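Let me begin by presenting the structure, written as structure tokens, before commenting on it.
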Amino acid sequence: MSQITNSVLMIRPVAFRMNEQTAVNNYYQKVLENTTPATVNAKAQQEFDAFVDKLRSVGVNVIVVDDTLEPNTPDSIFPNNWISFHDNGDVVLYPMFAENRRQERREDILDMLEEKGFKIENIIDYTSAEEDNIFLEGTGSMILDRENEKVYAALSPRADEELIIEFCEEFFSDPVIFEAYQDTPDGRKLIYHTNVMMCVADEFAVICADCIDDKQERKIVLDHLKKSGKEIIYITEDQVNNFAGNMLQVLGADNKKYLVMSTQAYNSLNKGQIQAIEKHCEILHSSLDTIEACGGGSARCMLAEIFLPQE
């Protein structure tokens, strides 16, 4: 089982803006003063297109689907929260915290993937949990170590423990569950998505261990990473605020590996951290300033990895 894939799904925004429904527990979102919604969306589209061009230029297979104006889905640019694709042909649909994000789920996207030769065997649908206010936001909430069959998950209003365990049973994975915090104007609060504070690549992991306030939990998480043979590259909480945890490793042409991140994330890294990453793979970064500010998510959130078998 591979940890990284050559194919990713990306959704091009048509009405991107700050989503007031997600801002209640995503402390990374900011209101851009004196900027019209049309300007915000135009900037987000420019950033999106440049990012896609960079990925394609190194041979990543990027499948771009345009968002639709109706229904109103300001966060559609982050598809990894509502869907994940697995190498046994499974597709998982996830329950979403914000009501307006639930409309991002689109069956026509599955049809498009099948038309491109991807095989879908089975759909696992957890979305009925929304009726009970139980949420699990895909590979935002869960960091999958597919090779070592482990799932790292920081509990939050968007990551329910029982649902994480159910997912792990479905995919024969060990749950590594903990709590991760960040500083906010109102004190330490749970981080909304695990993938802003850690990234698991094939030979290494990038993690902000300082976000895990409980020393015992921190030790358990780090022990799991070490036992799986990962070199651990530590980042700070300040770097997390610059989206340095929100990275994803992908395959380009000739199976060359890249760690993908935003330019803001890259600029926050120090020389030692960059060297540690570059021992394992090249870094590819792209400017996502508007998307990060309004969306409160970054490069990793924009990429839904496709591991489905192909005909």
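Keep in mind the model is a prediction, meaning the values are calculated, not measured.
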- Residue pair Thr5, Leu251: steps toward the side chain to side chain contact (heavy atoms under 4.5 Å, CB included) verdict: CA-CA 6 Å; Thr5 178; Leu251 280 179; over 6 Å; no
Open item on the list: With side chain to side chain contact (heavy atoms under 4.5 Å, CB included) as the criterion, how do Thr139 and Leu144 come out once you've worked through the C-alpha distance, each side chain's angles and the decisive distance to 0.1 Å?
Closed with: CA-CA 7 Å; Thr139 54; Leu144 308 184; 4.1 Å; yes
- Can you list the steps and then say if Asp49 with Arg12 is a salt bridge (charged side-chain N to carboxylate O under 4.0 Å, His left out)? CA-CA 8 Å; Asp49 293 342; Arg12 189 175 193 270; 2.7 Å; yes
Run the side chain to side chain contact (heavy atoms under 4.5 Å, CB included) test on Asn195 and Met247 for me, step by step, so that the C-alpha distance in whole Å, both residues' side-chain angles and the decisive distance to 0.1 Å come before the verdict. CA-CA 8 Å; Asn195 76 1; Met247 305 163 163; over 6 Å; no
For this session: Test side chain to side chain contact (heavy atoms under 4.5 Å, CB included) on Val260 and Leu55 and set out the steps.
Result: CA-CA 9 Å; Val260 178; Leu55 289 164; 3.9 Å; yes
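Remark: side-chain polar atoms of Arg218 are paired, donor with acceptor, to backbone N or O of Ala209 under 3.5 angstrom. Side-chain atoms of Arg158 never come within 3.5 Å of backbone atoms of Leu136 as a donor-acceptor pair (strictly under, hydrogens ignored). Remark: the backbone N or O of Gly59 is paired with a side-chain donor or acceptor of Asn6 at under 3.5 angstrom. Side-chain atoms of Thr194 come within 3.5 Å of backbone N or O of Ala154 as a donor-acceptor pair. Side chain of Glu137 to main chain of Ala159: no donor-acceptor pair is present (N/O by atom type, distance under 3.5 Å, no hydrogens or angles). Of the possible donor and acceptor atoms, none in the side chain of Ser228 sits under 3.5 Å from a partner among the backbone N and O of Lys230. The backbone N or O of Asp90 lies less than 3.5 Å from a partner atom in the side chain of Asn88, making a donor-acceptor pair. Not a single donor-acceptor pair under 3.5 Å links the side chain of Thr73 to the backbone N or O of Asp75. No donor-acceptor distance shorter than 3.5 angstrom exists from the side chain of Ser268 to the backbone of Tyr266, with no hydrogens or angles considered. For Asp160 (side chain) and Glu162 (main-chain N/O), a donor-acceptor pair under 3.5 Å exists by modelled atom type.
Residue Phe78 is not grouped with residue Val65 when hydrophobic side chains (ILVMFWY) are merged at heavy-atom distances under 4.5 angstrom, including chains of intermediate members. In the hydrophobic cluster analysis, where Ile, Leu, Val, Met, Phe, Trp and Tyr join through side-chain heavy atoms closer than 4.5 angstrom, Met302 is grouped together with Val60. At a threshold of 4.5 Å between side-chain heavy atoms, the hydrophobic network of Ile, Leu, Val, Met, Phe, Trp and Tyr places Ile143 and Val176 in one connected group. Following chains of ILVMFWY side-chain contacts shorter than 4.5 Å, one can reach Ile164 starting from Ile124, so the two form part of one hydrophobic cluster. If you chain together hydrophobic residues whose side chains sit under 4.5 Å apart, Val91 and Ile109 fall into the same group.
For the pair Phe178 and Met198, the tightest heavy-atom approach, listed with the atom from each and the gap, is CZ-SD, 4.0 Å. Nearest heavy atom pair, residue Glu237 against residue Cys211, reads CG-SG, 4.0 Å. Smallest separation of non-hydrogen atoms from Lys227 and Lys150: CB-NZ, 4.3 Å. When all heavy atoms of Asp210 and Arg188 are compared, the closest pair comes out as O-NH2, 3.5 Å. Nearest heavy atoms, Arg146 versus Phe85: NH1-O, 3.3 Å. Summarising the geometry of Leu303 relative to Met10, their closest heavy-atom pair is CD2-SD, 3.5 Å, with the distance given to 0.1 Å.
Considering CG of Leu9 and NZ of Lys116, their distance stands at 10.5 Å, rounded to 0.5 Å. Atoms OG and CD, from Ser2 and Glu305 in turn, are 9.5 Å apart once rounded to the nearest 0.5 Å. To the nearest 0.5 Å, atom CD of residue Glu115 and atom CD1 of residue Ile63 are 11.0 Å apart. With rounding to the nearest 0.5 Å, the separation of CD1 in Ile77 from SG in Cys301 is 10.0 Å. For the atom pair CG of Asp125 and OG of Ser128, the computed distance is 6.5 Å after rounding to the nearest 0.5 Å. A distance of 10.5 Å separates CG of Leu222 from CD1 of Ile220, quoted to the nearest 0.5 Å.
Side-chain atoms of Asp145 and Asn148 include a donor-acceptor pair closer than 3.5 Å. Between the side chains of Glu179 and Tyr181, at least one donor-acceptor pair of N or O atoms lies under 3.5 Å. Donor-acceptor pairing under 3.5 Å is recorded for the side chains of Ser7 and Asn61. Side-chain atoms of Asp238 and Thr236 include no donor-acceptor pair closer than 3.5 Å. A donor-acceptor pair shorter than 3.5 Å cannot be found between the side chains of Gln249 and Gln3. If you check the side chains of Thr290 and Glu47, you find a donor sitting under 3.5 Å from an acceptor.
In this structure, Ile191 and Val196 have side chains that are in contact, with non-hydrogen atoms separated by less than 4.5 Å. For the pair Glu166 and Tyr126, the minimum side-chain heavy-atom distance is below 4.5 Å. Counting heavy atoms from C-beta on, the side chains of Leu284 and Leu259 never come closer than 4.5 Å. The shortest side-chain heavy-atom distance between Ile235 and Ile207 does not fall under the 4.5 Å cut-off. The closest side-chain heavy-atom distance from Leu308 to Lys119 is not below 4.5 Å. Counting only heavy atoms from C-beta outward, the side chains of Leu288 and Gln264 never approach each other to under 4.5 Å. Contact check for Asn41 versus Pro13: side-chain heavy atoms found under the 4.5 Å cut-off. Using a 4.5 Å heavy-atom cutoff, the side chains of Leu110 and Ile83 are in contact.
Ion pairing between Lys279 and Glu203 fails under the 4.0 Å rule for side-chain N and carboxylate O. Electrostatic pairing of Lys257 and Asp202 counts as a salt bridge here, judged by a charged N lying under 4.0 Å from a carboxylate O. Using a cut-off of 4.0 Å between Lys/Arg side-chain N and Asp/Glu carboxylate O, Arg105 and Glu130 are scored as salt-bridged. Salt bridge absent: Asp254 and Lys256 never bring a charged side-chain N and a carboxylate O closer than 4.0 Å. A salt bridge does not link Lys271 with Glu278: every distance from a Lys NZ or Arg NE/NH1/NH2 to an Asp or Glu carboxylate oxygen is 4.0 Å or more.
Note: Tyr94 and Phe167 have tilted aromatic rings, judged against thresholds of 30 and 60 degrees for the angle between ring planes.
Atom CD of Glu107 has 12 or fewer heavy atoms from other residues, nucleotides or ligands within 6.0 Å.
In this structure, His86 has its ring center no closer than 6.0 Å to that of Phe307.
Checking each of Ser298, Ser262, Cys199 against Asn246 for a side chain to side chain contact (heavy atoms under 4.5 Å, CB included) leaves exactly one that passes, namely Ser298.
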